[in-house]
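Working notes for the structure below.
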Amino acid sequence: MPVANVGETATHEVPITEETIETFAALSGDENPIHLDDEYAAGTMFGGRVAHGILSAAVVSGALARLSGDIVYLSQELSFEKPVFPGETVEATVRVTDDLGDDRIAVETTATVPERDERVLSGEATVLSVPHGNPE
Ligand SMILES: C[C@@H](O)CC(=O)SCCNC(=O)CCNC(=O)[C@H](O)C(C)(C)COP(=O)(O)OP(=O)(O)OC[C@H]1O[C@@H](n2cnc3c(N)ncnc32)[C@H](O)[C@@H]1OP(=O)(O)O
């Protein structure tokens, strides 16, 4: 299997429903009422329930996994720029920007909500992309 080279891109999209958010809250233990409680969330700056930021980041992980090679996540810098509301889709796009040597690559990571053509997340990841196969 080839490894990921500079310029390679991958995308992944996930519809974010109320059920997705509730499942993620149960899995992660993040039961912040801003995600789960309509009445509470109505009184926040967003005016209603929003998805966990790290749930959108998980969609980025899904895109990274689609790059070439055995992909190992090493680090990630993230900004959550806009909220994601239940009923919207998160589409993550990743693009290899640099070969850092030692099988490490720098990857630009973004996510948008296509329904409103708005970027909701940006950042940069470092991942390993190595040929598949046990070296032993
Ligand atoms: C722990 C969990 O349970 C909680 C969650 O998961 S909450 C859900 C995930 N988070 C979000 O959905 C937040 C999405 N972000 C936003 O909606 C906006 O960023 C904001 C409303 C928080 C702020 O927007 P806004 O008021 O428009 O801010 P400004 O554009 O006026 O910028 C003011 C300064 O703040 C800086 N800034 C704004 N957003 C970010 C960000 N996401 N990351 C880093 N910095 C941010 C911005 O650059 C401005 O700085 P400056 O020095 O004054 O230029």
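One-based numbering, in listed order, for ligands and for the atoms of each.
- A distance limit of 4.0 angstrom between heavy atoms and ligand 1 selects the residues Asp30, Asn32, His35, Met45, Phe46, Ala51, His52, Gly53, Ser79, Phe80, Glu81, Lys82, Pro83.
- Between His52 and His35, the angle of the ring planes stays under 30°, which puts this pair in the parallel group of the 30/60° scheme.
- Under the 3.5 Å distance criterion, the side-chain polar atoms of Glu115 are matched with a main-chain donor or acceptor of Thr89.
- A distance-only check finds no donor-acceptor pair linking the side chain of His12 to the backbone of Arg66 [under 3.5 Å].
- Side-chain atoms of Glu118 never come within 3.5 Å of backbone atoms of Lys82 as a donor-acceptor pair (strictly under, hydrogens ignored).
- Listed by chain and residue number, nothing satisfies the side-chain hydrogen bond (donor to acceptor under 3.5 Å, both in side chains) test with Thr23 (two or more places apart in sequence, or in another chain).
- A donor-acceptor pair under 3.5 Å is formed between the side chain of Thr44 and the backbone N or O of Phe46.
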